[in-house]
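All remarks here apply to the structure that follows.
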Amino acid sequence: MTGVTTSAQALDAADPLARFRERFVPSPGVVAYLDGNSLGRPPAVTADRVERFLREEWAGRLIRGWTDDGPDGPWMEWPERVGDRVAAAALGAAPGQTVVADSTTVMLYKLARAAVDGRPGRREIVVDSDNFPTDRYVLEGIAAERGCTLRWVETDPTAGITPEQVAEVVGPQTALVLMSHVAYRSGWLADAPAINRIAHDAGALVLWDLCHSAGAVELELDAWNVDLAVGCTYKYLNGGPGSPAFGYVRRDLQEELRQPIQGWMGRRDPFEMGPGYTPAAGVRGIVSGTPPIFAMVPLLAALEMLEEAGIGAVRAKSQALTAYALEIVDSWPGSLGVQVVSPRAPERRGGHVTLRRAGFRKLLDPLWARGVIPDYREPDGIRIGLAPLSTSFAEVHAGLTVLREVVEGLGQ
Ligand SMILES: *Cc1c(COP(=O)(O)O)cnc(C)c1O
């Protein structure tokens with residue numbers, strides 16, 4: 001037993017969130033799940049909640065579920081109701097500004113288009129070249145549709161976007177700035193309030209992608225004066241594969257901005273079925289079609305855990321987990337040639353760390369075969385995503401011990 005194992009045990013013993021680990025469905029054969037930032041693990045209560053919904057609400061209420069009051073309200077209101085739950089538990093946002101609907105990509109398209117159309121006469125969109133692929137592709141499509149130019153900011157791939165870089169490119173032509181709050185590759189946590197101030201001074205809107213933030217880091221959307229935001233619920237929010245996205249529109253922008261997918265569920269009085277589209281009042285106007293009710297059931301179950309734990313405690317554990325992972329890698333002789341391509345400063349680091357070494361691609365199969373599941377990102381990056389509610393320090397230690405053995409097997 002090494003000193004590091006001892007400290008893992010001590011860290012677990014002192015972990016105020018340790019009790020949550022048992023509240024997930026076990027994954028047989030998995031020694032260390034290091035990819036909670038891609039797909040969170042299933043909470044144990046989910047099976048029961050899904051079964052109960054199927055029996056009592058779907059079968060029991062049938063079509064009446066859309067309008068009759070159930071335990072979580074009429075289904076028609078779930079986009080806003082579940083949105084408010086996400087907002088309170090994870091986003092630092094007051095009610096009435098968040099909905100759950102669509103996929104992240106579709107929600108991103110709707111809000112980015114609304115922002116560009118909301119700044120007529122401005123023809124530039126600012127985005128960083130290392131942003132998540134779907135974000136870049138969506139913006140390329142919008143730029144082509146609306147005759148805009150993309151202003152690409154080149155970021156340091158081991159870090160991420162800085163306020164200084166944003167200040168250099170925003171100006172009177174900027175309609176929209178789109179940034180990931182936590183960079184999917186490096187884990188860099190952007191200074192959202194500072195970037196908002198710079199963009200707002202130039203008259204631009206900012207859309208934050210919170211996929212790698214929600215459920216791992218503290219967010220204060222209202223206090224940071226965020227305009228627009230989107231994010232996943234299947235990563236740190238444990239909503240399950242393909243669970244719907246959330247979208248946030250600050251209250252005072254809701255009347256002003258119009259999203260482009262004018263569907264009946266975002267219309268004022270959808271069941272009137274009348275001619276012409278008038279958006280529903282408030283944040284409901286960003287909903288388009290029938291809300292994914294069934295897919296919100298696991299999300300509601302998972303939110304209970306986050307509500308109980310509190311995002312402040314979750315963030316504290318997240319920082320401790322990533323710091324511990326870095327400490328282990330740093331303890332290897334010469335780090336075994338492994339480079340840390342994530343921020344060292346805890347306040348600039350999200351919930352994952354990325355390691356790089358030539359030949360890492362070849363390691364994925366042997367790691368998976370030994371029950372260690374990180375994920376791989378080009379070029380040569382292994383991402384260690386540490387979901388605070390479901391990951392122990394011992395699991396981090398076990399996973400990195402196997403990684404070390406596999407790296408040693410690679411040779412130099
Ligand atoms: C995971 C992720 C997405 C995913 O978008 P989907 O439409 O849910 O596939 C988008 N942006 C970022 C930054 C992500 O990490």
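Numbers for residues simply follow the sequence, beginning at 1. Indexing begins at 1, ligand by ligand and atom by atom, following the structure's order. Note that the structure is predicted; figures quoted are calculated from it, not measured.
- Contacts of F360 classified as ring pair (Phe, Tyr, Trp, His ring centres under 6.0 Å), with partners at least two apart in sequence or in another chain: none.
- Sorted by chain and number, the residues within 4.0 Å of ligand 1 by heavy atom are S103, T104, T105, F132, T134, D135, S180, D209, C211, H212, C232, Y234, K235.
- In this structure, H212 and Y236 have perpendicular ring planes: the angle between them is above 60°, well past the 30° mark.
- Sorted by first and then second residue, the salt bridge (Lys or Arg N to Asp or Glu O under 4.0 Å) pairs with a member in residues 297-325 read D15-K317, R19-E308, R23-E308, R49-E304, R85-E307; sequence neighbours excluded.
- Of the options L299, L303, V82, a side-chain contact (heavy atoms from CB on, under 4.5 Å) to T233 is made by L299 and by none of the others.
- The six-membered or imidazole ring of F53 lies near that of W75, with a centre-to-centre distance under 6.0 Å.
- For the salt bridge (Lys or Arg N to Asp or Glu O under 4.0 Å) condition, the pairs that include at least one residue of residues 223-234, sequence neighbours left out, are D227-R250.
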